[in-house]
Amino acid sequence: MAEAPLWTPSPERVARSRIASFIAEVNRRHQLDLKTYRDLHAWSVTQRAAFWDLVWDFGGVIGDKGARVLVDPDKMPGAKFFPDARLNFAENLLRRADDSAAIIFRGEDKAGGQLTWAQLQTLVSRLQQAMKAAGVGVGDRVAAMLPNIPEAIAAMLAATSIGAIWSSCSPDFGERGVLDRFGQIEPKLFITVDGYWYNGKTVHIVDKLKTIVAQLDSASTVVVVPYLGEAEAVAKELPRAVALDAFMKAFAPQPIAYTRLPFDHPVYILYSSGTTGAPKCIVHGAGGTLVQHLKEHQLQCDLHAGERLFYFTTLGWMMWNWLASGLASEATLLLYDGSPFAPTPAVLWDFAADTRMSVFGTSAKYIDGCAKADLAPAKTHDLSALRLITSTGSPLAPESFDYVYRAIKQDLHLASISGGTDIIACFVGGDPTSPVWKGEIQAPSLGMAVDVYSDDGKPLREGKGELVCLKPFVSMPVMFWNDPEGKKYHAAYFEKFPNVWAHGDFAEWTRHGGIIIYGRSDATLNPAGVRIGTAEIYAQVEQIPEVVEAICIGQDWRHDVRVVLFVRLREGVTLDGALKERIKKQIRTGASPRHVPAKIVQVADIPRTRSGKITEIAVRDVVHGRPVKNTEALANPEALALYKDVQELRE
């Protein structure tokens, strides 16, 4: 039987898509006859100046575009987009001031509510005035340790309206993790919270805040946002601190004053995961971030004004920044804070049904978790408004594609997407006008000259290699903080292949023109010299019902590398010989005999970063007796002890 796609958009859906409108505008402006997404992508990477110029117009960017679109187009790094432009990031997100919903919020503790566009404007106005009174100006840093609440969006908009640089993390970060990040950028203002809820528990953080504030002495003002209702009491415990209400009390709403700045003026500082040393401070420009996100929302996600956009994220993951930009397309942001499985495993699907969610953004791990919990939202929830699910954070297993279409919704665009903090965007992602094939990311993103290279720098039409980008794009980092000569920046992306961005993902083209990503290339396994992506093994292991999650590494052994698989099992299940054989058989038949691990070891926990990614390199270092350089980057660093001196790995 011939292979068939899991989903194909109807001709009517394609015709009313924003991609179709964009193609029509390209054809009109440039006297072309582009017909498909593939036609458009080819044009977007060969005619990058014309493409990004049209994205600016199509997205309705507010500001002065200037005369030039692209200077030094082949320098990477070094190319400059819109070098004469002037704009303000927040001005582009605060396009409306009416009484429709700008933000709808739900917290795990059943807190909730919404802000209209008018109320959001009011809150941003008061925050902006208070920040200016606290001495915040152009280029100053505003650092925030906040849950995913409306005040976080408003504070970011207030800071960027002034031309300050926003940087954030979530309140579950440890003291060292916060200071390793914010200590490098020396914020003038530090915004935090009085505590938060997670997994049914109230979490007080005042002791942690005392340590952080004492060492973050660049912050002349500390603002405490109420979430538990204890902001005033917490502020009294901290030096230089004031509760949010008192911070804004003197300021009545007035029209927001926007400072327009160059296209590359910094808007965000994001951080590398930091598992191999101090986190790198990645600086993103306002214009590049805005234009890239307008493209991704409106073209890759087909987002229309008034639709309801959700991503399950914290302020420590770039998907929060991506979500916030949805305001620039006049979408309503849906914010959720707390555990995605508390108080019930269906809590996010409740939120989706109650709010008539249009776009549900999440991680591959969450989708697998729903499958393991036997959730079937198609039977239990009204998801009639839901038209797109996006998944990122790690590769989406082929079986998870099946699960989405079987248990969530049949007529749905499922877009597995992949990019990174480094680019605050995606290299590969969704195409709302084309079929979805099981296990595949649909296409390279528009304007992104993506390819797969062999180790010797040759393009690979078949086979696995390094995911690269061959030409500059708008959301390349402006710089790394405290990297005046650009040495860290160059080393991060351009050492492997000159003038080519090497992203660090192990990938392969498919015969449909899509991409499969097999995990990080620095975690690739090399038994007997054959490169194997860890995601290939996870895709098989996740099909074993007893396995909750797994992590796979290569162990140096007798002048070669052997594959070691660690598994966390369902409560009450023990890894016996029969289960080991079933796991090996699944991997052998589903992947190949080369993928079968030499050792399978049961563990009680698997270490992961604060954005939920498993940390193969940290586990590999522990197994080999090497120090892990920055355990503060991990959400559960205590789990690393489980991998030290494992008896089975000495045999």
Side-chain angles (χ1 to χ4, degrees), residues 5-10 12-14 16-19 100-106 112 114 148 296-313 319 322-323 325-327 329-336 338 340-341 344-371 373-393 396 399-417 426 429-438 441-442:
L6 294 171
W7 175 82
T8 302
S10 67
E12 296 78 18
R13 187 162 174 162
V14 173
R16 65 174 181 264
S17 69
R18 302 194 79 159
I19 287 267
S100 59
I103 298 173
I104 298 174
F105 167 68
R106 182 171 296 183
Q114 71 173 40
N148 187 19
E296 291 196 346
H297 290 150
Q298 296 184 15
L299 301 183
Q300 313 287 164
C301 297
D302 199 31
L303 189 66
H304 290 70
E307 286 198 303
R308 298 191 158 183
L309 174 66
F310 170 73
Y311 225 102
F312 179 69
T313 182
M319 295 314 300
W322 189 93
L323 172 65
S325 291
L327 293 172
S329 294
E330 299 183 32
T332 298
L333 305 188
L334 304 180
L335 309 184
Y336 180 83
F341 292 108
T344 74
V347 65
L348 295 187
W349 299 111
D350 297 341
F351 192 33
D354 293 347
T355 58
R356 297 195 55 75
M357 189 183 288
S358 316
V359 180
F360 187 120
T362 188
S363 65
K365 176 75 181 159
Y366 173 76
I367 293 173
D368 181 57
C370 288
D374 294 323
L375 296 184
K379 296 178 181 175
T380 55
H381 290 74
D382 175 7
L383 301 178
S384 54
L386 186 66
R387 58 168 186 79
L388 169 65
I389 289 179
T390 64
S391 166
T392 191
L396 186 65
E399 288 64 36
S400 291
F401 281 75
D402 286 336
Y403 167 74
V404 166
Y405 285 104
R406 180 181 72 249
I408 297 176
K409 193 173 182 179
Q410 288 184 336
D411 185 16
L412 180 87
H413 180 198
L414 173 59
S416 179
I417 64 178
C426 297
D431 166 11
T433 66
S434 296
V436 172
W437 297 90
K438 180 176 176 175
I441 297 173
Q442 283 176 292

Between Thr433 and Arg13: side-chain donor-acceptor atoms closer than 3.5 Å: no
Heavy-atom pair with the smallest gap, counting every atom of Asn148 and Thr313: ND2-O, 3.5 Å
Where Cys370 and Phe341 come nearest, the two heavy atoms and their spacing: N-CZ, 4.1 Å
Residues Gln442 and Ser434: side-chain donor-acceptor under 3.5 angstrom: no
Gap between atom CE of Met357 and atom CZ of Phe310 - 0.5 Å precision: 5.0 Å
N/O donor-acceptor pair under 3.5 Å between Gln298 side chain and Arg18 backbone: no
Residue pair Val359 / Arg308, side-chain heavy-atom distance below 4.5 Å: no
Side chain proximity check, Pro9 to Val14, heavy atoms < 4.5 angstrom: yes
Student check: side-chain heavy atoms of Glu330 and Glu307 closer than 4.5 Å: no
Flag, side chain of Lys409 to backbone of Leu383, donor-acceptor distance under 3.5 Å: yes
Donor-acceptor contact present, side-chain Ser329 to main-chain Ala331, <3.5 Å: no
Residue pair Trp322 / His297, side-chain heavy-atom distance below 4.5 Å: yes
Tyr403 vs Leu375 side-chain heavy atoms within contact, under 4.5 Å: yes
Salt bridge Arg16-Asp302, side-chain N to carboxylate O under 4.0 Å: no
Aromatic ring pairing Trp7/His413, orientation class (parallel under 30°, perpendicular over 60°, tilted between): parallel
Distance, nearest 0.5 Å, that separates CD1 of Ile104 from CG of Leu309: 11.5 Å
Distance-minimising heavy-atom pair for Pro432 and Ile19: CG-CG1, 4.2 Å
Nearest heavy atoms of Val347 and Pro340, plus distance in Å: CG1-O, 3.2 Å
Asp354 and Arg106 ion-paired at < 4.0 Å: yes
Shortest non-hydrogen contact between Ser363 and Ser391, atoms and distance: C-OG, 3.8 Å
Side-chain touch Leu6/Asp402, heavy atoms, less than 4.5 angstrom: yes
Derivation and outcome, ring pair (Phe, Tyr, Trp, His ring centres under 6.0 Å), residues Phe360 and Trp349: CA-CA 9 Å; Phe360 187 120; Trp349 299 111; 4.4 Å; yes
4.5 Å side-chain heavy-atom contact, Leu323 and Leu335: yes
Exercise: identify the closest heavy-atom pair between Arg356 and Ser384: NH1-OG, 3.3 Å
Reported SG-to-CD distance for the pair Cys426 and Gln300, which is rounded to 0.5 angstrom: 8.0 Å
Donor-acceptor contact below 3.5 Å, side chain Tyr366 vs main chain Gly361: no
The single option from Ile367, Ile389, Leu396 passing side chain to side chain contact (heavy atoms under 4.5 Å, CB included) against Ser416: Leu396
From Leu303 atom CG to Leu388 atom CG, the distance as rounded to the nearest 0.5 Å: 9.0 Å
Distance (rounded to the nearest 0.5 Å) between Phe351 CZ and Tyr336 OH: 9.0 Å
Tyr311 side chain near Thr392 side chain, heavy-atom distance below 4.5 Å: yes
CG-CG distance between Leu412 and Leu386, expressed to the nearest 0.5 angstrom: 5.5 Å
